Q: 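Structure incoming, see below.
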Amino acid sequence: MTQSELRGKRALLIGLGSFDGGAGAVRYLAGAGVHVTVTDRRDAVALAPALATLAGLDVRYLLGGHDGVRIAEYDFVVRNPAVPADAPLLQEARTAGVPIEMEMTLFLAACPAPVLGVTGTKGKTTTASWAGHVLRHWKPETVIAGNMGVSALDTLPHITPETPVVLELSSFQLEAMGERGISPHIAVWTNLSPDHLDRYPDLHTYGDAKWGIAAHQTARDTFVRPATQFADTAYDPGVRYLAERVSGLASVQMPFGVLPPVGGAYPVGSWYIEDVDTLLWVGERSSYPLGRGGDLALPGVHNRVNAAAAAAAALAYGAPVDVVREGLRTFRGVPHRYEDLGTVDGVRFINDTTATAPAAAVAALKTTEGPIVLLGGGSNKGLDFAELADTMVARARAIVLFDGRNPTHLGDMLRERGYRGDLRGPVGSMAAAMDAALSLAEPGDTVLLAPGAASFGVFQNEFDRGEQFRAAVARLREGGQHGS
């Protein structure tokens, strides 16, 4: 619905939430002349920070539960991404024929500019931020929002038809795309591996939630996705899922990935050629080198692949090749994503708190050089930790495990594998984790925060976990010696 179509309607927001998406939706709807009611299981005390941003707006609140909510009173419902698709109020809305929107469906309907959307299990924040950084070299007014704590709807007043728009989109945010039948103009799919299996019953259902980013594209749209022709789809369920679906899409396909040695012409796509450490764009009629992998600020082959995806997306949006080269080279990463916090008394500290799935923590461990003291574990999202446990045994000199709402049992798995390093925990705070890590770390070591699990039960969210780690390192630097 456009803003003009919204005026005078009655909307129910289910789940205000702690991040700004819910509050942003309320601000947008109230500003469009919608009569808004907010309901949330939590009370006003728990929601105080979000409610403070809505002070002065004419909004009705039904908090501390959903008593008094009558779905038939509303013209449409807005669902917070944290609210499961099978929540009773949503089921009631579907039965009653009441449309269900989310922040992102409202945004896509109202945004006057083409949208570049990025999703994936790993690398979506880095890829979205990298693509946005490249586009800002071309057009400084570029908007970057979505699953980054920035309400996309709040950015609408600053967007014209010529403003590049980049959104990071989680599976939760994409669930409504299928119901509303919309997708971004340029869609980027970084990868798919098991995650959020506490919400989705299996990888297939999780993939279906993400598939909304491309499912409704037209022939005028572009889908930037991992190359499937070089992957062993029999052993990679994420690539197999993708390979089974791309043939049915109407959009232009733009593959990316690591290009193995090939004879003759390079295939169309955006590639990292590992044996010559080069990023290469190959089009239908011409090809362009985009720089050397060693010139990028972010380490690891996985970040070379992220760079290839970001380059393809920016080129598809219309950015000149020279701008793309410069943007790839000058990107320095984003907070909490393998963020190098520097060295104190010879010990390096890296914050990768957003490695909330085992596969992401595995990538961090394999990227980090030298001896590692790992801060890992947390709350289980129903995932398989076997590969992470194997990698911990191989790569971590010492390990400190966090406690969590749902145990990961990583300690038991490490002992079963005969782990010979120092193993501490589970601990229930960042202070305890840092005390343990600093008692184990020696000059030349890296203290790596790469949990491979959710933060629930000890921290508010993964960003709170990362901020506490950053603050602890800052205090350590001010104190002058680690362990003090």
Side-chain angles (χ1 to χ4, degrees), residues 114-150 152 155 163-170 184-191 213 222-227 254-258 269-273 277-281 288-340 350-355 360 363-364 367:
V115 171
L116 190 169
V118 182
T119 197
T121 304
K122 297 177 292 181
K124 62 180 177 294
T125 301
T126 297
T127 302
S129 300
W130 213 331
H133 175 81
V134 170
L135 290 172
R136 279 181 174 168
H137 272 263
W138 177 39
K139 295 188 176 183
E141 68 274 19
T142 296
V143 167
I144 307 173
N147 191 43
M148 300 179 177
V150 178
T155 69
T163 305
V165 177
V166 181
L167 299 180
E168 179 194 342
L169 298 167
S170 69
H185 174 59
I186 299 170
V188 182
W189 177 291
T190 62
N191 48 60
I213 198 168
T222 302
F223 185 36
V224 178
R225 46 82 171 175
M254 182 52 61
F256 69 88
V258 177
S270 184
W271 308 107
Y272 174 60
I273 308 173
D277 191 36
T278 297
L279 288 157
L280 179 69
W281 162 264
Y288 309 98
L290 298 175
R292 293 181 58 79
D295 293 334
L296 304 179
L298 275 61
V301 172
H302 65 290
N303 276 318
R304 295 348 186 218
V305 175
N306 290 337
L315 289 165
Y317 210 102
V321 173
D322 288 346
V323 168
V324 174
R325 289 193 187 106
E326 182 67 9
L328 292 179
R329 185 184 64 81
T330 57
F331 181 66
R332 294 290 178 265
V334 292
H336 305 305
R337 277 84 180 173
Y338 204 81
E339 177 188 20
D340 193 336
I350 293 177
N351 171 21
D352 200 20
T353 185
T354 55
T367 297

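Values in this document were obtained by computation on a predicted structure and should not be read as measured data.
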Q: Using modelled atom types only, decide if a donor and an acceptor are shared between the side chain of Arg304 and the backbone of His302 within a distance under 3.5 Å.
A: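 No, Arg304 side chain to His302 backbone: no donor-acceptor pair under 3.5 Å.
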Q: Taking all heavy atoms of Pro164 and all of Tyr317, pick out the closest pair and write down the distance.
A: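 Looking at all heavy atoms of both residues, the shortest contact is CA-OH, 3.2 Å.
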Q: Looking at every non-hydrogen atom in both residues, tell me the closest pair between Ala152 and Leu167 and how far apart they are.
A: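 Looks like CB-CD2, 4.0 Å.
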Q: Which pair of heavy atoms, one from Lys124 and one from Thr119, lies closest together, and at what distance?
A: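 Shortest heavy-atom separation between Lys124 and Thr119 comes out as CB-C, 3.8 Å.
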Q: Show your working on side-chain hydrogen bond (donor to acceptor under 3.5 Å, both in side chains) between Tyr272 and Asp277 and close with a plain yes or no.
A: CA-CA 7 Å; Tyr272 174 60; Asp277 191 36; 2.6 Å; yes
Q: Looking only at non-hydrogen atoms, find the nearest pair between Gly132 and Thr142 and report the distance.
A: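 Heavy atoms only, the tightest pair is O-CG2, 4.1 Å.
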Q: Rounded to the nearest 0.5 Å, what separation is found between the CG atom of Leu296 and the CZ atom of Phe331?
A: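 One finds 10.5 Å between CG of Leu296 and CZ of Phe331.
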Q: Going by distance alone, is a donor N or O of one side chain under 3.5 Å from an acceptor N or O of the other, for His137 and Thr330?
A: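 Side chains of His137 and Thr330: pair found under 3.5 Å.
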Q: Are any non-hydrogen side-chain atoms of Ser270 and Leu315 less than 4.5 angstrom apart?
A: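 With C-beta onward as the side chain, the pair stays apart.
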Q: Taking Arg225 for its side chain and Trp189 for its backbone only, find out whether a donor-acceptor pair lies under 3.5 Å.
A: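 Not at all, since once roles are kept as given, no pair shorter than 3.5 Å links the two residues.
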Q: Are any non-hydrogen side-chain atoms of Pro289 and Arg325 less than 4.5 angstrom apart?
A: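 Yes, close enough: below the 4.5 Å cut-off.
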Q: Measuring from Thr127:OG1 to Asn303:CG, what's the distance to the nearest 0.5 Å?
A: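 Spacing of OG1 (Thr127) from CG (Asn303) equals 8.0 Å.
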Q: For a side chain to side chain contact (heavy atoms under 4.5 Å, CB included) with Pro184, tell me which candidate from Val165, Val166, Leu169 qualifies.
A: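 Going through the options one by one, the only one that passes is Leu169.
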Q: Among Asn306, Val118, Thr354, exactly one meets side chain to side chain contact (heavy atoms under 4.5 Å, CB included) together with Thr126. Which residue is that?
A: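 Result: among Asn306, Val118, Thr354, Asn306 is the only option passing the side chain to side chain contact (heavy atoms under 4.5 Å, CB included) with Thr126.
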Q: Quick one: pull up OH in Tyr288 and CG in Leu280 and give me the separation to the nearest 0.5 Å.
A: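 So the OH of Tyr288 and the CG of Leu280 are separated by 11.5 Å.
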Q: Which heavy atom of Val224 sits nearest a heavy atom of Ala312, and at what distance?
A: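 So the two residues come closest at CG1-CB, 3.8 Å.
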Q: Does any non-hydrogen side-chain atom of Tyr338 lie less than 4.5 Å from one of Leu298?
A: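 The answer is no, as the side chains (C-beta and beyond) never meet within the 4.5 Å cut-off.
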Q: Which distance, rounded to the nearest 0.5 Å, do you find between the CG of Leu328 and the NE2 of His133?
A: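 Output value for this atom pair is 8.5 Å.
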Q: Between Ile350 and Asp340, which heavy-atom pair has the shortest distance, and what is it?
A: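 Shortest heavy-atom contact: CG1-CA, 4.4 Å.
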Q: Would you say Val321 and Leu290 make side-chain contact, with heavy atoms under 4.5 Å?
A: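 The answer is yes; the side chains approach within 4.5 Å.
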Q: When rounded to the nearest 0.5 angstrom, what is the spacing between OG in Ser129 and CZ in Arg136?
A: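 Output value for this atom pair is 9.0 Å.
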Q: Mind checking the CG-NE2 spacing from Asp352 to His336? Nearest 0.5 Å is all I need.
A: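 If we round to the nearest 0.5 Å, Asp352:CG and His336:NE2 are 11.0 Å apart.
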Q: Between the side chain of Asp295 and the main-chain N/O of Arg329, is any donor-acceptor distance below 3.5 Å?
A: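 No.
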